[in-house]
Amino acid sequence: MNGGSGIYDVVVVGGGPAGLAAAVAVAETGANAALIARRLPYADNRTTALLGGSVDLLRRLDVWSRCADEAAALRTMRLVDDTGRLIRAPEVRFSSDEIGLDQFGYNIENRALMSALEQRAAEFSNLTRIDDEADTIVPGQADVAAHTRQGKLLHGRLVVGADGRQSLCRAAAGIEVRRRELGQAALTFNVAHSRPHRDISTEFHTPQGPCVFVPLPGDRSSVVWVASPAETERLSALTDPQLSEAAERQSHSILGRIRIEPGRHLFPLAIERPRRFAQHRIALVGEAAHVLPPIGAQGLNMGLRDAGDIADAVKDAIAANEDPGAPLLLDRYNSTRRPDVASRMFAIDLANRSLLSDFLPMQTLRAAGLHLVGSFGPLRRIAMREGLAPSWRAVR
Ligand SMILES: Cc1cc2nc3c(=O)[nH]c(=O)nc-3n(C[C@H](O)[C@H](O)[C@H](O)COP(=O)(O)OP(=O)(O)OC[C@H]3O[C@@H](n4cnc5c(N)ncnc54)[C@H](O)[C@@H]3O)c2cc1C
């Protein structure tokens, strides 16, 4: 890859995990592509539970083999009602072998995933890397002009906006976004523990949100602790021994003694949904296209499906010698992404609201629903399959 102004089939803006995956998937189609993204160290210690088709996509893109050693298999998902309320749900366990899988997926530190994606992106001669930020994006009749801060001008017949929550590409496409603050925040940190996790991810449901311990390689786990902003601030300000003790208490010591590793990050939580996923030669992927609370590990899994779907559309256009930014192609992308994103958002929002609700009938409904899922095999298997990926989705 080398830096340069010019005309491209596809210009990807943003080099987070969704943008890098989109750039690699698009380059794989043979399209003449550019990626506008700063080469910076990954800024936080988040991990991603990659579910279902995400690992298949990363394998197809020749990315997975570069980071698989740093990932931990997720074989059992355990939901524990820790609300202490009068009406509580029974513990629910989902096991991958029940649906004939060795594992539901893998948990990996985003840094390791990013490094594998960066390595793979660097291998394509048809992917030009611009180590910069887009400054203005201007859609036109035949292409979209992208000016960078350092004065480069790129024209893309299609621009893939992977520039995160404050997406410049989304604004340039004139796509409105509906945003709802959740009044919750997530504190993330990683821990070492004295007992093995046995490939089990455990989610404790508290009245302020879930606190989940997700396996990492060895006797380590990543923790995402969702609570009120005040509570997460309080937890974040604790000393290492105090936070270790708090995490051990919250986990009911199922992992034995817990020792916090360096690095904690706070994320205010919101739900964001744009009115469209593509318009005016600009298609959105990743958090430019959807923001969800980290419940059920859906965010980047959807972002990778965005990346795969836009690359499929580009592949078809290139093969037919058609314009990859044509309205018909964008309409198709829009209608592929809409049901996937809408159904995930609905399910996660509902799960979160039912957990936070003080309304007794809602708590009863939640407990009864989980009881039904936990005790009725066919329903549990449907929940597991749908949790991995929407069943109606055609796999290419
Ligand atoms: C606590 C937490 C836990 C999570 N756990 C999971 C999980 O287990 N599984 C899962 O699937 N998802 C999970 N998610 C969601 C997942 O982390 C996000 O979906 C994912 O990180 C979004 O990636 P992205 O590339 O879309 O956005 P980002 O990572 O925000 O990347 C956007 C990039 O665009 C760049 N950018 C912005 N503007 C410009 C510009 N003008 N020009 C060039 N570049 C620009 C930014 O610098 C950034 O690098 C979690 C989220 C949180 C908060």
Side-chain angles (χ1 to χ4, degrees), residues 17 20-21 42 44-80 92-120 186-204 210-226 244 247-248 250-265 294-304 384 387-389:
L20 277 173
Y42 193 70
D44 60 68
N45 62 348
R46 257 179 296 178
T47 68
T48 296
L50 293 166
L51 304 176
S54 293
V55 173
D56 298 335
L57 175 74
L58 294 169
R59 275 201 186 100
R60 275 204 309 280
L61 297 178
D62 192 11
V63 171
W64 186 242
S65 59
R66 301 160 199 257
C67 56
D69 285 352
E70 293 173 76
L74 303 174
R75 296 203 160 88
T76 303
M77 309 279 200
R78 198 173 156 214
L79 307 183
V80 179
V92 179
R93 269 177 186 249
F94 299 108
S95 295
S96 58
D97 56 7
E98 245 196 283
I99 51 170
L101 296 175
D102 266 353
Q103 64 279 313
F104 290 118
Y106 294 87
N107 190 37
I108 185 164
E109 291 186 50
N110 286 10
R111 282 194 190 107
L113 175 61
M114 291 286 289
S115 149
L117 284 163
E118 285 278 11
Q119 262 181 43
R120 180 67 182 122
L187 172 66
T188 60
F189 52 91
N190 298 332
V191 298
H193 34 78
S194 60
R195 286 195 200 142
H197 47 56
R198 292 180 292 125
D199 308 333
I200 302 173
S201 169
T202 307
E203 191 164 308
F204 295 93
C211 176
V212 55
F213 291 76
V214 194
L216 282 171
D219 290 337
R220 296 174 65 230
S221 294
S222 58
V223 182
V224 178
W225 196 332
V226 176
S244 301
E248 196 175 315
Q250 178 55 74
S251 67
H252 298 270
S253 300
I254 56 167
L255 297 168
R257 293 311 303 265
I258 279 184
R259 187 173 44 79
I260 303 294
E261 296 181 351
R264 313 165 182 191
H265 295 272
I295 296 172
Q298 296 292 328
L300 185 56
N301 285 291
M302 283 201 302
L304 292 174
M384 283 189 261
L388 296 181

Problem set entry | Geometric class of the Phe213/Phe204 ring pair [parallel <30°, tilted 30-60°, perpendicular >60°] | perpendicular
Problem set entry | ring pair (Phe, Tyr, Trp, His ring centres under 6.0 Å) partners of His265, counting only residues at least two apart | none
Exercise. Between Glu70 and Ala112, what is the shortest heavy-atom contact and its length?
Worked result: OE1-CB, 3.5 Å
For this session: Please answer whether the main-chain N or O of Asp44 pairs with a side-chain N or O of Arg111 as donor and acceptor at a distance below 3.5 Å.
Result: yes
Exercise. Run the side-chain contact (heavy atoms from CB on, under 4.5 Å) check on Gln250 and Ile258 step by step: do they pass?
Worked result: CA-CA 11 Å; Gln250 178 55 74; Ile258 279 184; over 6 Å; no
Exercise. With no hydrogens and no angle check, is any side-chain donor or acceptor of Asn107 less than 3.5 Å from a backbone partner on Pro215?
Worked result: yes
Exercise. Would you say the side-chain atoms of Ser96 pair up with the backbone N or O of Asp102, donor to acceptor, closer than 3.5 Å?
Worked result: yes
For this session: Could you check if a side-chain atom of Val191 sits within less than 4.5 angstrom of a side-chain atom of Ser244, using non-hydrogen atoms only?
Result: no
Problem set entry | Interatomic distance, His193 atom NE2 to Ile260 atom CD1 [nearest 0.5 angstrom] | 11.0 Å
Exercise. Roughly how far, to the nearest 0.5 Å, is the CZ atom of Arg120 from the CG atom of Asp62?
Worked result: 4.5 Å
Exercise. Can you find a pair of side-chain heavy atoms, one from Val226 and one from Pro294, that are under 4.5 Å apart?
Worked result: yes
For this session: Output all residues satisfying side-chain contact (heavy atoms from CB on, under 4.5 Å) with Thr48, sequence neighbours left out; order by chain, then residue number.
Result: Leu50, Asn110, Leu300
Exercise. To the nearest 0.5 Å, what is the distance between CE (Met114) and SG (Cys67)?
Worked result: 12.0 Å
For this session: Without swapping roles, check the side chain of His197 against the backbone of Leu255 for a donor-acceptor pair under 3.5 Å.
Result: no
For this session: Please list, chain by chain and in numerical order, all residues satisfying side-chain contact (heavy atoms from CB on, under 4.5 Å) with Leu57, sequence neighbours excluded.
Result: Arg60, Leu61, Leu304
Exercise. Atom CZ in Arg75, atom OH in Tyr106: separation rounded to 0.5 Å?
Worked result: 6.5 Å
For this session: For Pro196, check side-chain contact (heavy atoms from CB on, under 4.5 Å) against everything at least two apart and list the hits.
Result: Arg198, Asp219
Problem set entry | 4.5 Å side-chain heavy-atom contact, Cys211 and Val223 | yes
For this session: Output the distance between atom CD (Gln103) and atom CG (Leu74), rounded to the nearest 0.5 Å.
Result: 8.5 Å
Exercise. Crowded around Arg259 CZ? As in, over 12 foreign heavy atoms under 6.0 Å?
Worked result: no
Seminar exercise, completed: CH2 (Trp225) and CZ (Arg264) are apart, to the nearest 0.5 Å, by 11.0 Å
Exercise. Salt bridge (charged side-chain N to carboxylate O under 4.0 Å, His left out) with Arg257: which residues, sequence neighbours excluded?
Worked result: Glu248
For this session: Considering non-hydrogen atoms only, spot the tightest contact between Gly263 and Phe189 and give its length.
Result: O-CB, 3.6 Å
For this session: Kindly give the heavy-atom pair with the smallest separation between Leu216 and Ser222, and that separation in Å.
Result: CD1-N, 3.7 Å
Exercise. Which residues satisfy the side-chain contact (heavy atoms from CB on, under 4.5 Å) test with Thr76, sequence neighbours excluded?
Worked result: Arg93, Ser95, Ile200
Exercise. Do Leu58 and Leu117 have side-chain heavy atoms sitting under 4.5 Å apart?
Worked result: yes
Problem set entry | Beyond-backbone contact of Asn190 with Glu109, side-chain heavy atoms, under 4.5 angstrom | yes
